[in-house]
Amino acid sequence: PVLAYVEHFRKTTSTKHKNTLMYEVTRILKRDGTPKASVVSLDSIRCSCHLIPKFGRYCDRSWTSENVLDKCKDFFVNDFLDV
C-alpha cells in the first residue's frame with residue numbers, strides 16, 4: 001500500500017474567525033514537543049487542506065515557504081480553496 005505521513009491538528013474554536021471566516025487550528029504536540037503524527041494508507045485520505053499561517057500582529061521574518069509549516073503553530077484552514 002501507498003502510505004502518507006499526516007500531522008494532527010485541532011480546532012481552537014467551534015466557530016469560524018470573525019474576520020477571515022475560516023477555522024483556526026493548532027498543531028497537536030506530544031509531551032516531548034514533537035508533532036503528533038500518523039502514517040496512514042493513502043486511500044484513507046479524503047482530501048488535502050490549505051493551511052494559512054496565523055501571523056498575528058507581526059510576521060516572523062524567519063518563516064519561509066520551506067519552513068513555515070514546521071515553525072508556525074497556529075493556522076487558518078482555507079475553505080475558500082477547493083482543489
Side-chain angles (χ1 to χ4, degrees):
V2 179
L3 302 175
Y5 171 81
V6 178
E7 290 189 10
H8 298 257
F9 291 79
R10 65 176 167 77
K11 284 194 298 185
T12 56
T13 62
S14 60
T15 58
K16 293 183 177 186
H17 186 271
K18 67 179 182 174
N19 295 328
T20 64
L21 302 177
M22 292 184 272
Y23 286 107
E24 296 177 56
V25 295
T26 188
R27 177 177 281 112
I28 299 173
L29 300 177
K30 297 187 290 187
R31 290 179 191 252
D32 65 0
T34 59
K36 182 177 179 187
S38 300
V39 176
V40 299
S41 175
L42 193 60
D43 60 4
S44 69
I45 298 175
R46 291 186 187 178
C47 66
S48 63
C49 66
H50 181 229
L51 297 177
I52 300 171
K54 185 177 177 186
F55 292 101
R57 291 185 70 121
Y58 301 100
C59 175
D60 185 333
R61 295 188 183 269
S62 70
W63 292 353
T64 67
S65 58
E66 289 83 24
N67 69 21
V68 70
L69 290 175
D70 295 320
K71 289 190 167 202
C72 184
K73 186 179 114 180
D74 301 309
F75 296 89
F76 292 108
V77 177
N78 183 359
D79 57 351
F80 296 105
L81 181 68
D82 186 10
V83 180

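No experiment lies behind these values; they were computed from the predicted model shown.
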Worksheet item: Is the Phe9 ring parallel, tilted or perpendicular to the Phe75 ring (thresholds 30°, 60°)?
Response: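 Perpendicular: the ring planes of Phe9 and Phe75 meet at over 60°.
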
Nearest heavy-atom neighbours spanning [X] and [Y]:
{"X": "Val68", "Y": "Pro53", "answer": "CG2-CG, 3.5 Å"}
{"X": "His8", "Y": "Ser38", "answer": "NE2-OG, 2.7 Å"}
{"X": "Asn78", "Y": "Met22", "answer": "CA-SD, 3.5 Å"}

What residues, two or more places apart in sequence or in another chain, satisfy side-chain contact (heavy atoms from CB on, under 4.5 Å) together with [X]?
{"X": "Ser14", "answer": "none"}
{"X": "Arg10", "answer": "Thr12, Thr26, Ile28"}
{"X": "Tyr5", "answer": "Glu7, Ala37"}

Discussion item. Under the salt bridge (charged side-chain N to carboxylate O under 4.0 Å, His left out) definition, can you give me all pairs with a residue in residues 31-54, not counting sequence neighbours?
Written reply: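 The answer is Glu24-Lys54.
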
Worksheet item: Can you list every salt bridge (charged side-chain N to carboxylate O under 4.0 Å, His left out) pair that touches residues 72-81, not counting sequence neighbours?
Response: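 Matches after skipping sequence neighbours: Lys16-Asp79.
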
Worksheet item: When clusters are formed from ILVMFWY side-chain contacts under 4.5 Å, directly or step by step, what else is grouped with Val6?
Response: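 So far as hydrophobic clustering goes, Val6 is joined with Val2, Val40, Leu42, Ile45.
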
Item to complete: Output the rest of the hydrophobic cluster of Leu3: all Ile, Leu, Val, Met, Phe, Trp and Tyr residues reachable through side-chain heavy-atom contacts under 4.5 Å, sorted by chain and number.
Response: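 Members alongside Leu3: Val39.
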
Worksheet entry | OG1 on Thr64 to CG on Leu69, rounded to 0.5 Å |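 So the gap between those two atoms works out to 9.5 Å.
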
Discussion item. Just to verify, what does Lys71 make a side chain to side chain donor-acceptor pair (under 3.5 Å) with, not counting sequence neighbours?
Written reply: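 Per chain and number, Lys71 pairs via side chain to side chain donor-acceptor pair (under 3.5 Å) with Ser62.
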
Worksheet entry | side chain to side chain donor-acceptor pair (under 3.5 Å) against Asp70, all qualifying residues, sequence neighbours excluded |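 By the side chain to side chain donor-acceptor pair (under 3.5 Å) rule, Asp70 matches no residue at all.
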
Discussion item. Is there a path of hydrophobic side-chain contacts, each under 4.5 Å between heavy atoms, that joins Ile52 and Phe80?
Written reply: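 Same cluster.
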
Worksheet item: Mind checking what makes ring pair (Phe, Tyr, Trp, His ring centres under 6.0 Å) contact with Tyr23, not counting sequence neighbours?
Response: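 With neighbours one apart ignored, the set is empty.
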
Item to complete: Could you pull out all residues at least two apart from His17 that satisfy ring pair (Phe, Tyr, Trp, His ring centres under 6.0 Å)?
Response: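 By the ring pair (Phe, Tyr, Trp, His ring centres under 6.0 Å) rule, His17 matches Phe76.
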
Practice prompt. Output every pair passing ring pair (Phe, Tyr, Trp, His ring centres under 6.0 Å) with a member in residues 33-54, not counting sequence neighbours, ordered by first then second residue.
Written response: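 Every pair satisfying ring pair (Phe, Tyr, Trp, His ring centres under 6.0 Å) with a residue in residues 33-54: there are none.
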
